A.B. asks: 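What follows is a single structure, and I will ask about it in a moment.
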Amino acid sequence: MSATTVSRSRSATSVKAVTYARVSSAAQVRRGHGVDSQEARCRDFAKAKGYEVVESFRDEGVSGGLIDRPGMLSMLSFLAKQDGAERRVVIIDDISRLARDLHAHIQLRQRIADVGAELESPSVEFGEDSDSILVENLLASVSQHQRQKNAEQVLNRMKARVLAGYWLFYPAWGYRYENVSGHGKMLVPDEPNASIVKEALEGYASGRFQSQSEVKRFLERHASIPRAKWGEVRVSQVNDMLRRPLYAGLLSVPKWNLHLLPGKHEPLISVQTFQAVQDRLDGVAVAPYRPDLNLDFPLRGVVNCGECGGAMTGAWSKGRSKRYAYYWCQNRKCSMHRKNIRKETIEGDLSQLLNSLTPTRELFAAVRAMLTDLWQARIDSVDERAAEANVKAGQLDRKIGQLMDRVLATDSPTLIAAYEDQIKMLESQKLALLEKAAKKAKPARSFEELYRTAVTFLSNPGRLWDTGDYDLQRLVLRLVFPERVEYSKSEGYRTAGIAEPMRLLMGLKGPKNEMVELGGIEPPTSCMPCKRSTN
C-alpha cells in the first residue's frame with residue numbers, strides 16, 4: 001500500500017474526503033435511519049480532522065459479503081478521476097460497514113488503495129504495520145463471524161416458526177398473509193382464488209379433470225388466477241399447485257428436511273384428497289397439453305364417425321361473411337371424409353339424446369328411500385371407523401418411533417436416507433388416518449343437499465349439457481357414455497352404451513319395480529357393524 005504511505009506526507013489542509021455508508025436490512029432502508037446516522041458520524045469525524053467532504057456514497061439493502069456493490073463501485077470510479085496531487089480519504093463509520101466478510105474486506109481495502117485513497121474511521125485506526133494489519137483482519141473476521149451467526153439465528157428462528165406450524169414463504173394461490181391475534185402473520189384463505197383452487201384440486205382428485213391440461217384450462221377461465229406474461233397459466237404452475245401439501249394444511253420445506261408437518265392455517269382440501277391427487281400424478285400417465293383442444297368443440301375426442309368408426313374432429317371454416325364451425329371424419333379412406341356436419345346439428349342431436357335420459361318420478365322416490373336408509377347406516381358406523389383409524393394411527397406412530405431409533409443408531413448415510421423415506425411415508429399415512437378419525441359423525445353437508453346435487457344430474461343430464469359450460473359438458477359426456485359414441489350424418493347418433501348408473505335408472509321402469517329392503521331376500525340376520533336387525 002505504498003500510495004497510502006506517500007499520501008500521509010501531504011498536508012491535512014489538502015485532504016479531500018468521501019463518506020461511505022451501508023445497511024443490509026430492508027427494514028433499515030424503510031426506516032431511513034441506518035445510513036443517515038452513519039453518514040452524520042462520518043461527517044463529524046471529517047470536520048474534527050479538518051477534512052473537506054466532497055461526496056457521500058451509500059449502499060442500501062446490500063449484503064456485507066458482496067464486493068461489487070453499486071455505491072462502492074461509484075465511489076471507486078469517483079476517486080479514480082480525482083487529482084492525484086491531493087490526499088484522498090474514505091471515511092466509514094465502522095469496519096463492518098465496509099464488509100462483513102474477511103475476503104471481501106481485504107479486496108475492497110486493496111481497491112481503495114489502488115485508486116490512491118486511504119481508509120479511516122472514528123471506530124478503528126487503520127495502519128500499515130504488522131500489528132495494525134493483524135488487528136484489522138481480526139476485527140474483519142469478528143464482523144464475518146457476527147454476520148454468519150446472525151444468519152444462523154435467523155435460520156433457526158425460521159425453522160422454529162415452521163415447526164410451530166406457520167408458513168414463511170411466498171403464499172400459494174388461494175392464500176394471503178394476515179395478522180391474526182395470537183398467531184402473528186399467518187396464511188388465510190384468499191377468495192375467490194381459494195374456492196377456485198379447491199375446486200381444481202378436488203376435480204383432479206375425483207377424475208372430473210382427466211389431465212393437468214384440463215386443470216390448466218379450468219384455471220384460465222378465472223381472471224383472478226395469476227398467469228404468465230403471454231396470458232396463460234403455465235403447465236409448471238399447475239403441477240406445482242397439485243404437488244403442494246400446503247393446501248391440505250401441511251408444511252414441507254425439503255431444503256430444511258422438514259416434511260408434512262401440521263400447519264396452523266386453514267386447509268382448502270383434506271389430506272385424503274391431497275393423497276388422491278399425488279396417487280394420480282405418480283401412477284397415471286398424463287396426456288400432454290394439446291393446443292387444438294379448445295372450448296368451441298366439446299365433442300372432439302368423444303364422437304366417432306358412424307361410417308368407419310374413426311375419430312371425428314372439429315374446426316372453424318371461413319365463409320364469405322363469417323366463420324362456421326363443423327365436425328368431420330378424419331379417415332381419408334372413409335366415404336364421409338371431409339363431409340362437414342354443422343356444429344349446431346351434431347351437438348343439438350346430442351342434447352336431444354341426453355334429454356331423453358329422464359327416469360320416472362316414481363323411480364326417484366324409490367331411489368330416495370333406498371339412499372336415505374344407506375345414508376343412515378353409514379352415519380351409524382362413523383364412530384367405529386373413527387376408533388379403528390385411531391388404533392391404526394397409533395400403530396403407525398409406534399413404527400415411526402422404531403425407525404427413528406434406527407436412524408439414531410446407525411452412521412450409514414444410505415440406511416439413514418432409507419429410514420427417512422419410510423418415516424415420510426408413514427407420517428403421511430398417519431396424518432390421513434388422524435384426519436379421518438377427527439371427522440364428526442354429523443356430515444359437513446346434509447343428505448338433502450347431496451341428494452339434490454346428484455339428482456340434478458341424474459334427473460336430466462341434458463340440462464347440464466345445455467348450459468354451454470365446457471367443463472360441465474365434458475363431465476356429462478364422461479358420466480353418461482363409458483365409451484365413444486358414433487354419429488352418422490344421415491341417421492344421427494347410433495345406439496350408444498350408457499354408463500351403469502344411468503342404464504340402471506332407465507331400465508327400472510314399470511309397476512312391478514319395488515325397492516328391496518337392506519336385508520335383501522335372505523332371512524333376517526344381524527347386520528355389522530350397526531348391530532341392528534335388517535327386518
Side-chain angles (χ1 to χ4, degrees), residues 152 155-170 172 175 187 197-198 200-202 204-207 211-212 215 236 238-286 382-439:
E152 289 175 4
L155 180 61
N156 289 335
R157 286 195 294 268
M158 292 175 69
K159 285 183 179 179
R161 181 72 173 164
V162 173
L163 287 169
Y166 298 95
W167 187 247
L168 301 177
F169 309 100
Y170 194 80
Y175 284 110
L187 291 178
V197 170
K198 175 182 171 68
L201 292 169
E202 291 180 342
Y204 187 79
S206 66
S211 67
Q212 294 184 51
V215 177
S236 60
V238 174
N239 187 264
D240 179 65
M241 181 193 75
L242 295 172
R243 289 289 188 185
R244 276 187 178 269
L246 198 71
Y247 294 120
L250 304 174
L251 307 181
S252 285
V253 188
K255 65 180 179 180
W256 295 344
N257 202 28
L258 301 177
H259 302 277
L260 302 179
L261 302 175
K264 299 288 187 182
H265 62 282
E266 179 184 340
L268 300 186
I269 59 173
S270 68
V271 175
Q272 289 176 310
T273 299
F274 173 74
Q275 192 56 55
V277 171
Q278 305 316 299
D279 290 343
R280 286 204 61 201
L281 290 172
D282 296 333
V284 179
V286 179
V382 166
D383 290 339
E384 184 171 333
R385 293 201 302 273
E388 183 182 352
N390 273 320
V391 171
K392 291 181 178 179
Q395 294 171 346
L396 290 178
D397 202 37
R398 287 191 290 274
K399 289 182 180 179
I400 291 170
Q402 294 170 357
L403 289 171
M404 290 294 295
D405 292 338
R406 294 180 185 179
V407 170
L408 297 174
T410 183
D411 294 328
S412 169
T414 303
L415 286 176
I416 291 174
Y419 291 148
E420 287 179 343
D421 287 341
Q422 292 182 52
I423 290 171
K424 292 173 192 175
M425 179 185 68
L426 294 176
E427 284 284 5
S428 177
Q429 295 174 5
K430 186 181 79 171
L431 286 170
L433 287 169
L434 291 176
E435 181 185 73
K436 184 177 180 180
K439 290 183 177 179

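Quick caveat, the model's predicted, so the values are computed rather than measured. For the numbers below, each heavy atom of this structure counts, side chains included, while hydrogens, waters and symmetry mates do not.
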A.B. asks: Please determine whether the number of non-hydrogen atoms from other residues, nucleotides or ligands lying under 6.0 Å from atom OH of Y170 exceeds 12.
C.D. replies: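 Atom OH in Y170 is not crowded, with 12 or fewer foreign heavy atoms closer than 6.0 Å.
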A.B. asks: Heavy atoms only: give me the nearest D411-I416 pair and the separation to one decimal.
C.D. replies: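 Looking at all heavy atoms of both residues, the shortest contact is C-CD1, 4.4 Å.
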A.B. asks: Can you name the side-chain contact (heavy atoms from CB on, under 4.5 Å) partners of A205, sequence neighbours left out?
C.D. replies: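 By the side-chain contact (heavy atoms from CB on, under 4.5 Å) rule, A205 matches T273, A276, V277.
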A.B. asks: Nearest 0.5 angstrom please: L261 CG to W256 CH2, how far?
C.D. replies: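 It is 11.5 Å, given to the nearest 0.5 Å.
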A.B. asks: Determine whether M241 and V197 make a side-chain contact, defined as any pair of heavy atoms from C-beta on separated by less than 4.5 Å.
C.D. replies: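 Side-chain contact under 4.5 Å: yes.
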A.B. asks: If you define the side chain from C-beta out and look only at heavy atoms, does anything of W167 sit under 4.5 Å from V253?
C.D. replies: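 Touching, per the 4.5 Å side-chain cut-off.
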A.B. asks: CD1/I269 to CG/L246 distance, rounded to the nearest 0.5 angstrom?
C.D. replies: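 If I round to the nearest 0.5 Å, the distance is 10.0 Å.
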A.B. asks: Taking the inter-plane angle between the rings of Y175 and Y247 on a 0 to 90° scale, is it parallel (under 30°), tilted (30 to 60°) or perpendicular (over 60°)?
C.D. replies: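 Y175 vs Y247 ring planes: parallel.
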A.B. asks: Can you name the closest pair of heavy atoms from L250 and P262 and give their distance?
C.D. replies: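 For L250 versus P262, the nearest heavy atoms are CD2-CA, 4.3 Å.
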A.B. asks: For S206, enumerate each residue passing the side-chain contact (heavy atoms from CB on, under 4.5 Å) test, keeping only those at least two apart in sequence or located in another chain.
C.D. replies: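 Counting only residues at least two positions away or on another chain, S206 forms a side-chain contact (heavy atoms from CB on, under 4.5 Å) with R208.
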A.B. asks: Just by distance, do the side chain of N156 and the backbone of E152 share a donor-acceptor pair under 3.5 Å?
C.D. replies: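 Looks like yes, one N/O pair under 3.5 Å.
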A.B. asks: How long is the span from the CG atom in D282 to the CZ atom in R243, to the nearest 0.5 Å?
C.D. replies: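 Going from the CG atom of D282 to the CZ atom of R243 covers 4.5 Å.
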A.B. asks: Should L242 and R280 count as side-chain neighbours, where that means a heavy-atom distance under 4.5 Å?
C.D. replies: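 When only atoms from C-beta onward are counted, R280 and L242 do not touch, as no gap falls below 4.5 Å.
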A.B. asks: State, yes or no, whether a side-chain contact exists between L251 and H265 at a heavy-atom distance under 4.5 Å.
C.D. replies: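 Counting from C-beta outward, L251 and H265 do come under 4.5 Å.
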A.B. asks: Minimum heavy-atom separation for Q212 and Y204, please, with both atom names.
C.D. replies: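 Nearest heavy atoms, Q212 then Y204: N-CE1, 4.0 Å.
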A.B. asks: Return the minimal non-hydrogen interatomic distance between P245 and S252, and the atom names on each side.
C.D. replies: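 Shortest heavy-atom separation between P245 and S252 comes out as CG-OG, 3.7 Å.
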A.B. asks: Testing the basics here: between E202 and L268, what is the closest heavy-atom pair and its distance to 0.1 Å?
C.D. replies: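 Heavy atoms only, the tightest pair is OE2-O, 4.5 Å.
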A.B. asks: About how many Å separate CG of L396 and CD1 of I423, when rounded to the nearest 0.5 Å?
C.D. replies: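 The CG atom of L396 is 12.5 Å from CD1 of I423, to the nearest 0.5 Å.
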A.B. asks: Is any side-chain heavy atom of Y419 less than 4.5 Å from a side-chain heavy atom of Q402?
C.D. replies: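 A side-chain contact under 4.5 Å is absent here.
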A.B. asks: What are the two closest non-hydrogen atoms of V215 and A200, and how far apart are they?
C.D. replies: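 Reported closest heavy-atom pair: CG1-CB, 4.1 Å.
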A.B. asks: Quick check against the 3.5 Å criterion: does K264 have a side-chain atom that pairs as donor or acceptor with the backbone of G165?
C.D. replies: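 Side chain of K264 to backbone of G165, a donor-acceptor pair under 3.5 Å: no, none is there.
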